[in-house]
Number of protein chains: 2
Amino acid sequence: MRILIIEDDQEASAYLAKGLKEAGHNVDQAGNGTDGLFLATTERYDAMVVDRMLPGVDGLTIVQTIRGAGNTTPVLILSALGKVDDRVKGLKAGGDDYLVKPYAFAELLARIEALGRRTSASQPETRLKVEDLEMDLLARTVTRNGQDIDLQPREFRLLEYLMRHAGQVVTRTMLLENVWEYHFDPQTNLIDVHISRLRQKVDKDFDQPLIHTVRGAGYTLRAQR
Amino acid sequence: MRILIIEDDQEASAYLAKGLKEAGHNVDQAGNGTDGLFLATTERYDAMVVDRMLPGVDGLTIVQTIRGAGNTTPVLILSALGKVDDRVKGLKAGGDDYLVKPYAFAELLARIEALGRRTSASQPETRLKVEDLEMDLLARTVTRNGQDIDLQPREFRLLEYLMRHAGQVVTRTMLLENVWEYHFDPQTNLIDVHISRLRQKVDKDFDQPLIHTVRGAGYTLRAQR
DNA sequence: GGTACCCCATGCGTATTCTGATCATCGAGG
DNA sequence: CCTCGATGATCAGAATACGCATGGGGTACC
């Protein structure tokens with residue numbers, strides 16, 4: 001599960017993050033409301049833990065804002081304010097759960113997982129991202145630095161494979177097997193041709209090339225050399 | 001919202017039901033686990049309040065059972081047991097929230113509504129809209145730019161599916177499964193034909209085409225591109 | 001018995017993919 | 001530092017696969 005923590009208390013945030021990571025989740029942290037709101041709106045999470053009192057933008061405001069934007073990511077509000085009225089306010093603002101500090105980590109974990117359970121009846125990944133290159137698998141669109149890139153079917157599959165293995169060297173055999181479903185060597189420069197066309201579209205108009213040749217081995221998709 | 005209360009204490013149950021009804025909800029009550037389980041599995045609710053200690057079938061067992069049956073109705077567990085470990089157990093069993101008695105009714109209401117919000121945001125839609133194309137599912141009518149479009153049943157289902165997945169690429173397999181309920185490939189151009197006919201009606205007389213072919217992948221319904 | 005709807009087959013036009021030829025680059029070894 | 005073989009890049013034409021429109025036959029429901 002991808003979880004976002006918005007909490008200004010460094011120590012509390014680190015503690016939470018550590019625990020959630022140990023439980024096998026992928027955690028992002030924001031130390032103030034502004035950063036939190038930015039991450040919440042630009043990234044996709046399965047659940048969020050939001051502290052109620054925050055410097056910058058207030059916790060409740062964050063929740064109201066993302067709900068207003070149509071984002072339905074489950075939110076657990078964390079607060080020192082434990083009066084019934086405070087809790088009701090937190091839930092009314094669009095929170096899905098409300099936990100009062102101090103809390104037991106085991107309970108927070110159980111609650112977060114209960115929240116995530118329903119939505120993250122985990123659909124497979126829908127978007128891939130490498131540097132400023134983004135691929136939306138559902139819409140079948142690719143953008144780099146916000147600019148649309150339009151690819152042919154095979155190029156799309158090829159790029160998808162490269163992105164799923166970003167940072168690793170991908171051999172020609174791997175590509176033949178997984179992108180072409182050839183279980184033999186066609187003895188042509190098939191792959192080179194497609195890499196070339198992909199480069200034209202993905203790297204040509206940009207400063208930083210992402211597709212790199214690894215002589216004698218294959219190709220790799222990553223930022224620098 | 002339709003809410004089911006499973007609680008053996010007559011007085012508590014009546015009090016709860018009264019409050020929820022005053023808040024505008026539709027409430028069913030069960031006084032023991034057996035009846036509760038029966039209602040939970042045979043009726044459809046937006047949320048359930050389940051007491052943990054019940055004569056007959058125990059509260060946690062009820063939750064586990066309905067979850068095991070694939071029912072994802074949000075459940076709030078109510079209990080006198082307030083230790084962290086009890087709460088964790090309740091959530092682990094498949095509960096979505098856990099409230100300890102005695103509780104303030106305002107909080108229970110807020111939590112129940114928070115639970116319901118998530119799913120009931122997905123109450124059956126009655127109209128779909130994509131750009132200037134509108135579909136009324138109840139009246140079974142489609143208009144584009146105010147102008148009536150008259151579709152055959154299959155065309156209607158096809159368009160409905162496309163509209164529900166607007167912006168995403170819809171594959172032939174998805175269409176066969178969901179519009180035709182074929183679980184095999186008919187090896188004909190069935191889909192192409194229907195798309196073609198649909199285009200005649202939906203796109204032909206308008207400037208901006210909405211149905212786009214994504215070669216090698218499927219079709220998509222969206223504005224430009 | 002008629003009508004509306006749905007499915008299938010055909011042939012055509014075009015986008016996409018693959019091939020082979022040619023050109024460029026890399027790096028080891030003299 | 002230069003040469004040469006090996007490896008990779010690019011290009012354009014050929015081959016192919018894919019999607020589209022259309023008409024006809026079948027079927028189910030009035």
d([atom1], [X]; [atom2], [N]) in whole Å:
{"X": "A:Leu190", "N": "C:dG20", "atom1": "CG", "atom2": "C1'", "answer": "13 Å"}
{"X": "A:Gln200", "N": "C:dT17", "atom1": "CD", "atom2": "P", "answer": "16 Å"}
{"X": "A:Gln152", "N": "D:dA17", "atom1": "CD", "atom2": "C1'", "answer": "13 Å"}
{"X": "B:Asp192", "N": "C:dA9", "atom1": "CG", "atom2": "C1'", "answer": "13 Å"}
{"X": "A:Leu198", "N": "C:dT16", "atom1": "CG", "atom2": "P", "answer": "15 Å"}
{"X": "B:His212", "N": "D:dC20", "atom1": "NE2", "atom2": "C1'", "answer": "16 Å"}
{"X": "B:Phe156", "N": "C:dC6", "atom1": "CZ", "atom2": "C1'", "answer": "18 Å"}
{"X": "A:Arg140", "N": "C:dT16", "atom1": "CZ", "atom2": "P", "answer": "13 Å"}

| Residue closer to the 5' end of DNA chain C, B:Leu151 versus A:Pro186 (nearest nucleotide) | B:Leu151

| note | Judged by nearest nucleotide, the residue sitting upstream toward the 5' end of DNA chain C, A:Gln187 or A:Pro153, is A:Pro153

| query | Any chance CG of B:Asp185 has more than 12 other-residue heavy atoms, nucleotides or ligands included, within less than 6.0 Å? | reply | yes

| said: How about CZ on B:Phe206, more than 12 heavy atoms from neighbouring residues, nucleotides or ligands closer than 6.0 Å, or not? | reply: yes

Any side-chain donor near an acceptor of the partner, [X] and [Y], under 3.5 Å:
{"X": "B:Thr73", "Y": "B:Arg2", "answer": "no"}
{"X": "A:Glu113", "Y": "A:His25", "answer": "yes"}
{"X": "B:Thr171", "Y": "A:Arg140", "answer": "no"}

Please work out if [X] contacts a base, only the sugar-phosphate, or nothing of the nucleic acid, heavy-atom cut-off 4.0 Å.
{"X": "A:Arg154", "value": "sugar-phosphate"}
{"X": "B:Tyr219", "value": "sugar-phosphate"}
{"X": "A:Arg199", "value": "sugar-phosphate"}

| Is A:Glu155 salt-bridged to A:Lys201, going by a charged N under 4.0 Å from an acidic O? | yes

| request: State plainly whether the residues B:Arg199 and B:Asp192 are in salt-bridge range, i.e. N to O under 4.0 Å. | output: no

| message | Is the shortest side-chain heavy-atom distance between A:Val49 and A:Glu7 below 4.5 Å? | response | no

| field | Minimum-distance nucleotide to B:His194 side chain [options: D:dT10, D:dG19, C:dC6] | value | C:dC6

| message | If you compare every side-chain N and O of A:Ser196 against the phosphate oxygens of D:dA9 (OP1, OP2), does one of them come in below 4.0 Å? | response | no

| query | For D:dG8, does OP1 or OP2 lie under 4.0 Å from any side-chain N or O of A:Thr213? | reply | no

| message | Please check this pair: side chain of B:Asp203 against backbone of B:Ile211, looking for a donor-acceptor N/O pair closer than 3.5 Å. | response | yes

| If only atom types and distance count, is the side chain of B:Arg67 paired as donor or acceptor with the main-chain N or O of B:Asn71 below 3.5 Å? | yes

| request: Would you kindly check whether a donor in the side chain of B:Arg215 faces an acceptor in the base of C:dT16, or vice versa, at under 3.5 angstrom? | output: no

| task | Can you check whether any acceptor in the base of D:dT10 is under 3.5 Å from a donor in the side chain of A:Asn189, or vice versa? | result | yes

| remark: Terminal axes of the helix from C:dG1-D:dC30 to C:dG30-D:dC1 (5 end pairs apiece), angle rounded to 10 degrees, sit apart by 30°

| Sub-4.0 Å heavy-atom contacts from residues 175-184 of chain B onto DNA chain D, ordered by number | none

| task | For B:Gly218 and for B:Arg197, locate the closest nucleotide of DNA chain D by heavy-atom distance; then report the residue assigned to the nucleotide nearer the 5' terminus. | result | B:Gly218

